[in-house]
Amino acid sequence: MGCFSSKHRRQFPGHEDPVSLASQTAFTVSEVEALFELFKSISSSVIDDGLISKEEFQLALFKNRKKENLFANRIFDLFDVKHKGVIDFGDFVRALNVFHPNAPHEDKVDFSFKLYDLDSTGFIERQEVKQMLIALLCESEMKLADETIEIILDKTFVDADVNQDGKIDKEEWQNFVSRNPSLMKIMTLPYLRDITTTFPSFVFNSEVDEIAT
Amino acid sequence: PVLMNAFELISTSQGLNLSSLFEK
């Protein structure tokens, strides 16, 4: 038995109820509360407004707010499901839920497809993959000749684009990742299993809030 | 890198490494 019964659970003013968020996700109520500690820390890093801006998201990822990054931008846009330009706590918990070790594999595959479908056409196109490869090269300061990039793209599309129409559809992607399971590694965050241990202060804050209210 | 498929390379981007969100 824990110290707190569900009716005494903390409410997050202006944010979705942790019990409701837990019911929609693989997280327990305590884990949602622990995620709130992480959310508070990220959402107050530039402006303490209870929302995560793109700048705050990049700061949390890179510890450097100046670092623009195509992939971080894309992840931010997928977290920001309501397209408000900011991530609220509900968005944050529901998006991280996909990365939970217990989340359905299909949800991970679906999220990864959206991630690489930069312009949301329902297909991963060759020019999108080339754009991502060039962004990666800029990020890592690795240099590859254009011919080498084209060889990598040729190889990838021969393997993934089964009907050879120059773009990868959802079914081709599902098939491709099932043959290349290592591509799904980025879709699971083992940290999420231990979130209450990483942010134990959620218990302390719960107690303080109960006394304060 | 020529031996790797494009997505294997892309998935090494730091921007896709969300574990850094949890590093205090």
Side-chain angles (χ1 to χ4, degrees), chain A residues 38 41-42 57-58 60-63 67-76 92 95-96 99 112 115-116 124 126 129-130 132-133 135-137 139-140 142 144 148-149 151-160 168 173 176-177 180 182-187 189-192 194-195 198-199, chain B:
Chain A
L38 172 62
S41 130
I42 299 173
F57 191 71
Q58 297 202 359
L61 275 181
F62 301 112
K63 319 300 171 205
K67 190 153 182 174
E68 270 284 318
N69 181 286
L70 174 80
F71 305 103
N73 277 344
R74 187 69 190 133
I75 294 227
F76 181 91
F92 186 70
L96 281 181
F99 293 84
S112 65
L115 182 63
Y116 297 132
I124 303 172
R126 185 178 170 114
V129 185
K130 184 167 186 176
M132 290 186 271
L133 275 179
L136 174 75
L137 294 175
E139 180 191 311
S140 61
M142 186 171 28
L144 285 182
T148 310
I149 294 174
I151 291 169
I152 294 169
L153 288 169
D154 285 344
K155 178 183 175 314
T156 304
F157 275 76
V158 162
D159 202 9
I168 300 165
W173 180 250
F176 185 62
V177 297
N180 297 274
S182 65
L183 295 180
M184 284 293 104
K185 265 173 72 180
I186 59 163
M187 291 305 307
L189 293 168
Y191 287 85
L192 291 172
D194 305 314
I195 194 78
T198 312
F199 297 95
Chain B
V2 183
L3 296 174
M4 297 173 84
N5 75 55
F7 296 102
E8 278 177 89
L9 282 170
I10 290 165
S11 65
T12 63
S13 165
Q14 203 194 337
L16 294 176
N17 180 13
L18 291 191
S19 57
S20 51
L21 288 178
F22 301 86
E23 289 160 11
K24 295 188 212 174

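Just so we're on the same page: letters track the sequence lines, and every chain starts at 1.
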Which one of [options] has the most heavy-atom pairs closer than 4.5 Å to chain B?
{"options": "I186(A), L61(A), N69(A), I124(A)", "value": "L61(A)"}
{"options": "L137(A), N73(A), V129(A)", "value": "V129(A)"}
{"options": "F176(A), F99(A), Y191(A)", "value": "Y191(A)"}

Rounded to the nearest 0.5 Å, what separates atom [atom1] in [X] from atom [atom2] in [Y]?
{"X": "D194(A)", "Y": "F199(A)", "atom1": "CG", "atom2": "CZ", "result": "11.5 Å"}
{"X": "L18(B)", "Y": "M187(A)", "atom1": "CG", "atom2": "CE", "result": "8.0 Å"}
{"X": "E23(B)", "Y": "N17(B)", "atom1": "CD", "atom2": "CG", "result": "7.0 Å"}

- Got a sec, which residues hit ring pair (Phe, Tyr, Trp, His ring centres under 6.0 Å) with F62(A), two or more places apart in sequence or on another chain? none

- Residue set satisfying ring pair (Phe, Tyr, Trp, His ring centres under 6.0 Å) with F76(A), at least two apart, ordered chain then number -> F57(A)

- Note on the structure: Applying a strict 4.5 Å limit to non-hydrogen atoms, the region of L192(A) in contact with chain B is side chain

- With a 4.5 angstrom heavy-atom cut-off, which part of L115(A) approaches chain B: side chain, backbone, both or neither? side chain

